[in-house]
Enquirer: 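Attaching a single structure in structure tokens format; questions to follow.
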Amino acid sequence: MNILLTSNGFHNETKRSKEIDKVFEEVARNKSVAIILNATKEGSNVKNIKDVKANFEKIGAQVVDLITINTENITDIFKYDVIYTMGGDPRILLDDFLECNFKQYLIKFLEKGIYIGESAGSMVLCDNLKWVWDIKKGTKPKYDILPKTFEGLNLVKERIYPHYNTISEEQKTKVDNYEKQYKIKITRINDGEFVWENG
């Protein structure tokens with residue numbers, strides 16, 4: 001299994017389970033890790049970058065580099081064993097991944113490497129993300145701006161709704177109603193939880 005979908009990933013500010021810490025150690029010990037920062041160019045998640053990097057180093061990752069990918073450096077991902085994509089703004093992440101044709105490179109990377117998604121980094125791997133903006137519009141400014149396309153990377157069947165334990169009852173009702181109306185399944189994960197996918 002080479003794709004790990006998480007809610008809060010390797011953060012310190014919110015609770016992680018011992019199980020997920022063990023998984024991170026098994027995946028990254030003695031390995032090289034690239035932390036992709038595209039979704040974290042601004043916003044509250046910026047402050048967590050330092051902790052995520054330190055946590056990978058603490059569990060024994062040999063190399064931990066911070067990367068903002070673009071069309072010029074996209075092939076650098078092949079230097080690493082593990083890609084960890086920070087959460088933040090899914091719109092920016094979708095737009096950047098589209099611009100550099102990230103899906104094509106990620107498919108090749110996954111032949112040997114492991115991808116870990118944190119929040120938005122997990123969300124963008126599904127088939128289509130229109131549901132995200134339909135449900136979350138009005139909750140935060142970033143969900144009032146649409147991405148260039150709702151098309152995700154379509155590498156996993158899970159439509160991840162992260163941080164489910166932190167949202168309002170109104171939002172939970174919206175998720176339930178949206179599933180029924182559009183006959184789709186949305187996978188709710190709380191901070192500290194994760195889903196293994198093998199694509």
Side-chain angles (χ1 to χ4, degrees), residues 1 3-29 31 33-61 64-68 82-94 96-97 114-126 129 131-133 135-144 152 156 158-176 178 185-197:
M1 291 180 282
I3 296 176
L4 182 62
L5 307 171
T6 79
S7 177
N8 59 327
F10 224 173
H11 283 198
N12 291 341
E13 66 169 4
T14 48
K15 188 176 181 180
R16 297 193 312 273
S17 64
K18 290 182 179 178
E19 186 180 8
I20 198 170
D21 279 359
K22 184 179 179 182
V23 169
F24 279 128
E25 184 171 1
E26 290 174 354
V27 165
R29 177 175 285 281
K31 301 289 180 62
V33 179
I35 300 176
I36 294 180
L37 305 178
N38 292 63
T40 318
K41 292 177 180 177
E42 56 188 50
S44 61
N45 205 28
V46 173
K47 65 181 181 295
N48 294 307
I49 296 170
K50 184 177 178 182
D51 286 340
V52 170
K53 184 176 189 296
N55 286 337
F56 273 112
E57 292 169 343
K58 189 175 181 180
I59 61 172
V64 185
D65 291 336
L66 304 176
I67 300 176
T68 300
V82 179
I83 291 173
Y84 178 99
T85 301
M86 294 283 294
D89 192 328
R91 176 185 60 85
I92 293 174
L93 196 57
L94 273 179
D96 285 1
F97 280 180
I114 292 174
Y115 177 97
I116 302 172
E118 170 204 304
S119 192
S122 294
M123 296 164 73
V124 298
L125 294 187
C126 72
L129 282 88
W131 64 272
V132 176
W133 276 265
I135 292 171
K136 288 177 169 275
K137 186 176 181 180
T139 59
K140 292 181 179 179
K142 65 184 177 183
Y143 295 115
D144 295 331
V156 302
E158 306 283 352
R159 298 181 183 94
I160 296 294
Y161 194 119
H163 319 297
Y164 192 73
N165 57 306
T166 69
I167 68 172
S168 67
E169 290 303 316
E170 180 184 2
Q171 277 294 294
K172 290 178 181 178
T173 300
K174 276 189 175 182
V175 175
D176 293 342
Y178 198 87
K185 183 179 185 303
I186 297 170
T187 301
R188 304 144 174 83
I189 58 174
N190 300 324
D191 288 346
E193 295 178 345
F194 62 92
V195 176
W196 267 119
E197 268 271 12

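Just so we're clear, the structure is a prediction, and the values are computed from it rather than from any experiment.
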Enquirer: Under 6.0 Å from the NZ atom of Lys47, do we count more than 12 heavy atoms belonging to anything else shown?
Expert: yes
Enquirer: Which distance, rounded to the nearest 0.5 Å, do you find between the OG1 of Thr40 and the CG of Asn48?
Expert: 8.5 Å
Enquirer: Asn45 and Glu118: side chain to side chain donor-acceptor pair (under 3.5 Å), yes or no, with the steps?
Expert: CA-CA 11 Å; Asn45 205 28; Glu118 170 204 304; 3.0 Å; yes
Enquirer: Starting at CG of Leu93, measure out to CG of Leu125 and round the result to the nearest 0.5 Å.
Expert: 9.0 Å
Enquirer: Who passes salt bridge (charged side-chain N to carboxylate O under 4.0 Å, His left out) against Asp96, sequence neighbours left out?
Expert: Lys41
Enquirer: Once you round to the nearest 0.5 Å, how far does OG1 of Thr85 lie from CD1 of Ile67?
Expert: 10.0 Å
Enquirer: Partners of Asp176 by side chain to side chain donor-acceptor pair (under 3.5 Å), sequence neighbours excluded?
Expert: Arg188
Enquirer: Rounded to the nearest 0.5 Å, how far apart are OG of Ser122 and CZ of Phe194?
Expert: 12.0 Å
Enquirer: Is the CD atom of Glu13 crowded by more than 12 outside heavy atoms at less than 6.0 Å?
Expert: yes
Enquirer: Between Ile186 and Ile135, is a side chain to side chain contact (heavy atoms under 4.5 Å, CB included) present by the stated rule, with each step listed?
Expert: CA-CA 11 Å; Ile186 297 170; Ile135 292 171; 3.8 Å; yes
Enquirer: Can you list everything that forms a salt bridge (charged side-chain N to carboxylate O under 4.0 Å, His left out) with Lys136? Sequence neighbours excluded, please.
Expert: none
Enquirer: Would you find more than 12 non-hydrogen atoms of other residues, nucleotides or ligands less than 6.0 Å from Glu170 atom CD?
Expert: no
Enquirer: Could you pull out all residues at least two apart from Phe10 that satisfy ring-ring contact (aromatic ring centres under 6.0 Å, His included)?
Expert: Phe24, Phe56
Enquirer: Walk me through it: do Met86 and Leu37 pass the test side chain to side chain contact (heavy atoms under 4.5 Å, CB included)?
Expert: CA-CA 6 Å; Met86 294 283 294; Leu37 305 178; 3.9 Å; yes
Enquirer: Sequence neighbours excluded, which residues qualify as salt bridge (charged side-chain N to carboxylate O under 4.0 Å, His left out) partners of Arg159?
Expert: Asp127
Enquirer: Hey, what do you get for CD1 (Ile189) to OG1 (Thr6), rounding to the nearest 0.5 Å?
Expert: 6.0 Å
Enquirer: Would you please test Trp196 and Leu4 for side chain to side chain contact (heavy atoms under 4.5 Å, CB included) and show each step?
Expert: CA-CA 5 Å; Trp196 267 119; Leu4 182 62; 3.9 Å; yes
Enquirer: Could you go step by step and tell me if Glu197 and Ile160 meet the side chain to side chain contact (heavy atoms under 4.5 Å, CB included) rule?
Expert: CA-CA 12 Å; Glu197 268 271 12; Ile160 296 294; over 6 Å; no
Enquirer: Under the rule for salt bridge (charged side-chain N to carboxylate O under 4.0 Å, His left out), what residues qualify as partners of Lys172, not counting sequence neighbours?
Expert: Glu169
Enquirer: Say you draw a straight line from CD1 of Ile35 to CD1 of Ile49; how long is it, rounded to the nearest 0.5 Å?
Expert: 8.5 Å
